[in-house]
Amino acid sequence: NYSDSREAAAKRRYEIVRMETSQAVLIDLAKNDTDFSMRHAALNNLADQDVLADLAKNDPDSNMRALAVEKLNDQLLLADIAKNDNNYHVRAAAVENLTDKSVLADIVKNDENKWVRDTAEEKLTGVCVKHDFIPIGEEYVVDNNGRTAQDVKCKRCGKTSQVHGYRDSW
């Protein structure tokens with residue numbers, strides 16, 4: 001049917017973009033394609049820091065800016081984005097790659113967004129302000145009353161823990 005064939009064509013196009021090696025083609029796709037998933041796939045294969053910097057600073061889509069920021073290594077540019085981008089998600093992505101402690105301290109004191117401030121504080125101290133746990137094992141029963149547990153790990157700091165509850169309440 002029509003929707004299945006459209007979906008199959010989109011998947012195939014995405015796979016072709018993922019295999020593309022020509023930086024010129026990837027740059028054109030990352031900057032100009034109308035489909036976000038194609039732009040994202042092209043950006044993932046880009047190596048040119050100047051192009052990534054241009055996308056990080058100028059792309060109208062904040063998701064593309066954040067994805068480009070994740071691949072940047074220019075600390076001055078990251079500091080500028082972390083302090084000045086109008087989107088908190090992009091600023092937080094820049095903070096994740098910052099190493100300059102004075103810039104991080106400034107962001108902790110002055111950023112308007114709590115998430116960005118917390119991310120900067122975590123980078124400074126190495127301690128999570130709020131853990132972001134993901135499952136690392138299967139859920140298992142721990143007693144005769146049906147109580148369950150699951151091992152989890154924080155994506156940010158690596159701390160492991162267990163979550164307890166009842167299967168029906170998860």
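All values below come from the heavy atoms of this structure, side chains included, with hydrogens, waters and symmetry mates left out. Numbers for residues simply follow the sequence, beginning at 1.
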**Q.** E121 side chain near L124 side chain, heavy-atom distance below 4.5 Å
**A.** no

Q) What pair of heavy atoms forms the shortest contact from A94 to L78, and how long is it? A) CB-O, 3.6 Å

Q. Side chain to side chain contact (heavy atoms under 4.5 Å, CB included) between V95 and L104: does it pass, once the steps are laid out?
A. CA-CA 7 Å; V95 166; L104 291 168; 3.8 Å; yes

Q) At what distance, to the nearest 0.5 angstrom, does OG of S161 lie from CD1 of I136? A) 9.5 Å

Q) Any idea which heavy atoms bring A93 and V69 closest together, and the distance? A) C-CG1, 3.5 Å

Q. Taking all atoms of both residues into account, what is the closest heavy-atom pair of A30 and A42, and its distance?
A. N-CB, 3.8 Å

Q. Do any N or O atoms from the side chain of Q75 and from the backbone of L98 form a donor-acceptor pair under 3.5 angstrom?
A. no

Q: Look only at the side chain of D111 and the backbone of I107, and say whether a donor-acceptor pair between them is shorter than 3.5 Å.
A: no

Q. Rounded to the nearest 0.5 Å, how far apart are CD of Q23 and CD1 of I27?
A. 6.0 Å

Q: Would you check if L46 and L55 make a side-chain contact, meaning some heavy-atom pair closer than 4.5 Å?
A: yes

(Q) I'd like to know if the side chain of T148 and the backbone of G165 have a donor-acceptor N/O pair within less than 3.5 Å. (A) yes

(Q) Show every salt bridge (charged side-chain N to carboxylate O under 4.0 Å, His left out) that has at least one partner inside residues 38-58, sequence neighbours left out. (A) K31-D54, R39-D59, K57-D80

Q | Minimum heavy-atom distance between Q49 and D74, given as atom pair plus value | A | OE1-N, 4.3 Å

Q. For H164 and R147, which heavy atoms make the closest approach, and how far apart are they?
A. ND1-NH2, 3.2 Å

Q. To the nearest 0.5 Å, what is the distance between OG1 (T119) and CG (N113)?
A. 8.5 Å

Q: To the nearest 0.5 Å, tell me how far F36 CZ sits from D61 CG.
A: 5.5 Å

Q: Quick one: pull up NZ in K153 and CZ in F133 and give me the separation to the nearest 0.5 Å.
A: 11.5 Å

Q: Would you name the heavy atoms of V108 and R117 that are closest together and state the gap between them?
A: O-CD, 3.3 Å

Q. Would you find more than 12 non-hydrogen atoms of other residues, nucleotides or ligands less than 6.0 Å from Y88 atom OH?
A. no

Q. To the nearest 0.5 Å, what is the distance between NE2 (H89) and CH2 (W115)?
A. 5.5 Å

Q: Would you check if the side chain of D151 reaches a backbone N or O of T160 as a donor-acceptor pair within less than 3.5 Å?
A: no

Q: Any salt bridge (charged side-chain N to carboxylate O under 4.0 Å, His left out) involving residues 62-73? Give me the pairs, sequence neighbours left out, ordered by first then second residue.
A: R65-D85

Q: Report yes if some heavy atom in the side chain of I81 is under 4.5 Å from a heavy atom in the side chain of L72; otherwise report no.
A: yes

